[in-house]
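Working notes for the structure below.
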There are 2 protein chains.
Amino acid sequence: MTSLFSPPGSSLGHDPSLSHRRAQATVTLTGADGAPLAGRDVLVRQRDHAFGFGCIGFELIDWINGRSQDEAADAEFAQRWTALFNKATLPFYWGQFEPVRGEPKTAELLAAAHWFKDRGVGVKGHPLLWHTLTAPWLRGMEVEEIDRALRARIRRDVQDFAGVIDTWDAINEVVIMPVFTAEPNGVTTLAREKGRIAMMRLAFEEARAANPNITLLLNDFDMSTAYECLIEAALEAGIQIDRLGLQSHMHQGAWGEEKTLTVLERFSRYNIPIHFTETTILSGTPVPEHISDLNDWQVSAEQWPSTEEGEARQAEEVEAHYRRLLGHPAVESLTYWGLPDKGMWLNAPGGLLRRDGSPKPAYDRLHELIKGEWWTPETPLRTDESGSLNLEGFLGGYEVELDGVTAEFHLDAPGAVHLELRVPQD
Amino acid sequence: MTSLFSPPGSSLGHDPSLSHRRAQATVTLTGADGAPLAGRDVLVRQRDHAFGFGCIGFELIDWINGRSQDEAADAEFAQRWTALFNKATLPFYWGQFEPVRGEPKTAELLAAAHWFKDRGVGVKGHPLLWHTLTAPWLRGMEVEEIDRALRARIRRDVQDFAGVIDTWDAINEVVIMPVFTAEPNGVTTLAREKGRIAMMRLAFEEARAANPNITLLLNDFDMSTAYECLIEAALEAGIQIDRLGLQSHMHQGAWGEEKTLTVLERFSRYNIPIHFTETTILSGTPVPEHISDLNDWQVSAEQWPSTEEGEARQAEEVEAHYRRLLGHPAVESLTYWGLPDKGMWLNAPGGLLRRDGSPKPAYDRLHELIKGEWWTPETPLRTDESGSLNLEGFLGGYEVELDGVTAEFHLDAPGAVHLELRVPQD
């Protein structure tokens with residue numbers, strides 16, 4: 001009996017010790033002549049995390065493009081952003097990106113993407129295909145014309161951004177795509193007629209044809225069996241899902257341990273690396289349970305404040321969520337859905353910064369984890385008689401500095417590793 | 001852009017007038033010599049419905065096999081059963097059908113199937129593959145051994161019953177099959193490892209190979225997008241779903257018009273004829289909404305009575321449900337999940353007969369519809385000068401009687417039709 005996927009062995013389970021995120025490295029330093037640099041004082045420091053600590057970068061686009069309303073505030077915000085994150089998600093909602101057909105905002109998104117890339121931040125485009133916020137001018141078209149327009153859009157944008165953005169949410173929320181009723185739109189019209197698999201195939205195949213080096217995600221908020229069935233359908237259709245995107249907007253209360261571990265266990269069965277693509281955890285009152293579509297929760301920012309109690313709880317929940325996700329070896333990245341409360345979806349107090357820009361406890365807590373507990377700061381070490389030094393650290397990029405000269409190395413795989421590093425010296 | 005299915009045109013919508021269930025026939029009677037039988041008095045009567053009015057026949061098995069505890073009551077029950085229904089579902093829960101490996105209850109199920117068939121009742125076997133009530137002796141087997149055992153069981157039973165039972169629920173409740181946790185079982189073990197598509201393929205392909213004339217259903221209770229995704233996965237996998245089975249147990253309250261029409265609209269998109277395979281409508285208190293798995297609702301029959309008010313409501317809801325389902329052209333049959341309250345799943349008062357065997361109002365209401373409003377009783381007619389008579393009736397089997405001789409005809413398609421019928425005479 002053949003299977004579409006190979007479930008990982010039982011060893012690939014949750015491990016709160018995070019041993020799968022750490023390496024125990026012995027690094028032997030040699031000089032330009034290949035001789036060991038014994039008994040030398042060096043500085044070692046981490047440069048980056050292998051794990052993707054992501055955030056949306058939507059709020060920075062205007063500032064990057066010289067349209068700041070408050071230069072000082074935006075510059076401070078940018079500093080807070082880059083102090084924490086190494087992955088950015090940029091918005092390609094079609095209706096906003098190309099409200100007038102033929103006039104896409106390519107230049108300003110390219111500028112934004114370059115800004116992040118120049119700072120060592122990987123960029124993902126979100127999304128290539130979605131029924132919500134899609135181009136309004138699709139409405140009224142025949143299905144085959146919609147089909148052609150979608151394909152052309154995907155090809156164009158993937159090509160225009162190749163080399164800067166090589167990771168995309170190929171298609172978003174396919175589970176409800178054909179039965180989405182909140183807003184008539186051309187994408188749903190096509191999906192209703194052709195079915196979910198044809199829509200996934202369209203997005204993945206057009207995108208990959210336009211950029212063979214692309215990394216493509218299937219992304220959904222539906223954590224039920226529906227998403228499992230959809231994934232199995234995609235696999236059966238031969239659609240190559242490079243990464244599996246799971247949303248975790250928690251506007252109706254934090255998931256908690258049981259739900260999180262169940263979701264991880266169920267979706268890791270497909271042996272596709274998992275990205276938690278959209279996480280929101282509130283520092284205010286949760287949306288009542290009876291609201292089934294969050295978009296129905298219409299309140300002003302003033303009616304939905306960030307509270308002291310809420311901020312304390314948020315910090316706890318943020319930490320617990322990050323620890324749980326890092327605890328599962330299948331998870332490669334976690335993207336928080338918005339650093340500031342200002343301008344947040346639904347006016348929710350779900351940011352890590354208050355509306356005045358000051359950090360909530362969750363921001364500081366996260367900083368203590370990402371750049372503290374899980375980070376190797378600049379550390380003085382001395383090589384032994386064989387030129388070696390021992391280092392235990394989180395997977396990621398490192399550098400060693402010796403007499404003002406630096407050399408880089410990476411810890412790529414967990415466990416014990418022995419590296420040789422040549423440090424060119426004057 | 002290719003699609004896995006062709007959605008029916010917008011004309012295939014809901015039509016409460018049931019015009020798609022009726023034909024306006026002109027039947028020209030001729031004698032043995034081919035000459036029109038003009039000006040003759042005849043009797044016309046309906047013999048059967050094209051629509052499948054089904055019910056489970058579980059309660060009749062013991063009686064048919066000579067194991068009645070109360071012959072008079074059972075005979076009366078059988079009479080009430082056959083007075084209403086033309087399709088029977090028989091139980092093939094593996095754990096009950098073959099509790100000891102190698103000792104299947106083939107003989108007694110064959111006897112039961114023949115009993116129905118002899119009375120013009122079509123029989124369906126339920127189900128060939130399901131995680132609940134499966135063979136307990138699968139537990140502890142290696143997955144490949146489970147796989148072989150499932151295949152062998154399906155082939156054997158399909159072959160043993162071919163010609164008597166040619167319609168089967170191939171596989172039941174695949175949506176939750178790999179993540180079913182209520183009871184460890186071998187089927188879930190295999191499904192978890194191989195995925196849903198491999199399980200569907202196994203069931204459908206083994207069954208069809210064993211009986212090429214078979215009609216196979218995919219059956220589920222999950223009316224969410226999950227079932228849609230699963231169906232699309234099956235279609236992508238090339239699995240031939242002959243009929244789509246939708247359960248509609250309403251232990252937590254009747255679906256009502258909006259839900260029913262939405263379900264019909266969504267699942268008719270696949271252009272596969274729909275069978276409502278399992279309908280229950282209570283004449284007592286509904287199970288509270290917070291109970292997510294009905295099996296958790298453990299009460300005795302005495303704690304869950306059929307009430308006068310409940311029976312009046314049940315009759316209304318049963319009538320409304322039948323009218324709605326017949327109102328949609330995609331629906332081919334509707335099987336009620338249990339005629340008597342006695343022995344009903346969960347001790348629910350969901351039968352059409354009370355525990356003492358007397359009919360509830362819903363039974364009488366259904367009888368008035370199936371054998372009244374939707375039925376052509378024996379009707380005297382006179383052929384005109386061309387030997388023709390006009391008849392409007394529900395699709396199904398009919399007979400015309402002339403001077404003690406009968407001839408049969410069928411109304412197969414809705415709308416106007418002209419038939420010629422030879423009535424051999426002495």
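Reckoned from all heavy atoms, side chains included, excluding hydrogens, waters and symmetry mates. Naming: A, B, ... by sequence-line order, numbering from 1 per chain.
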- [ ] Grab the two heavy atoms, one from B:A233 and one from A:A233, that are nearest each other, plus how far apart they are.
- [x] CB-CB, 3.4 Å
Task: Under 4.5 Å from any heavy atom of chain A - which part of B:Y270 - done: side chain
Open item on the list: Taking the side chain as everything from C-beta on, heavy atoms only, tell me whether A:C229 gets closer than 4.5 Å to B:E228.
Closed with: no
Open item on the list: Shorter than 4.5 Å, heavy atoms on both sides: which option in B:S6, B:A226, B:S224 has the most such pairs with chain A?
Closed with: B:A226
TODO: Determine the option with the most heavy-atom pairs under 4.5 angstrom with chain A, choosing from B:V143, B:I197, B:V179, B:I231.
DONE: B:I197
- [ ] Flag yes if more than 12 heavy atoms outside A:Q159 fall under 6.0 Å of its CD atom; otherwise flag no.
- [x] yes
- [ ] Could you check which of B:L235, B:L230, B:I176, B:V174 has the highest count of heavy-atom pairs closer than 4.5 Å to chain A?
- [x] B:L230
- [ ] Could you tell me whether the side chain of A:E236 reaches within less than 4.5 Å of the side chain of B:R196, counting heavy atoms only?
- [x] no
- [ ] Tell me, for B:V175 versus chain A, whether the close heavy atoms (under 4.5 Å) come from the side chain, the backbone, both or neither.
- [x] both
Task: B:R192/A:E265 salt bridge by N-O under 4.0 Å criterion - done: yes
Open item on the list: If you define the side chain from C-beta out and look only at heavy atoms, does anything of B:R266 sit under 4.5 Å from A:P178?
Closed with: no
Task: B:D222 CG to A:T225 OG1 distance, which is reported to the nearest 0.5 Å - done: 5.0 Å
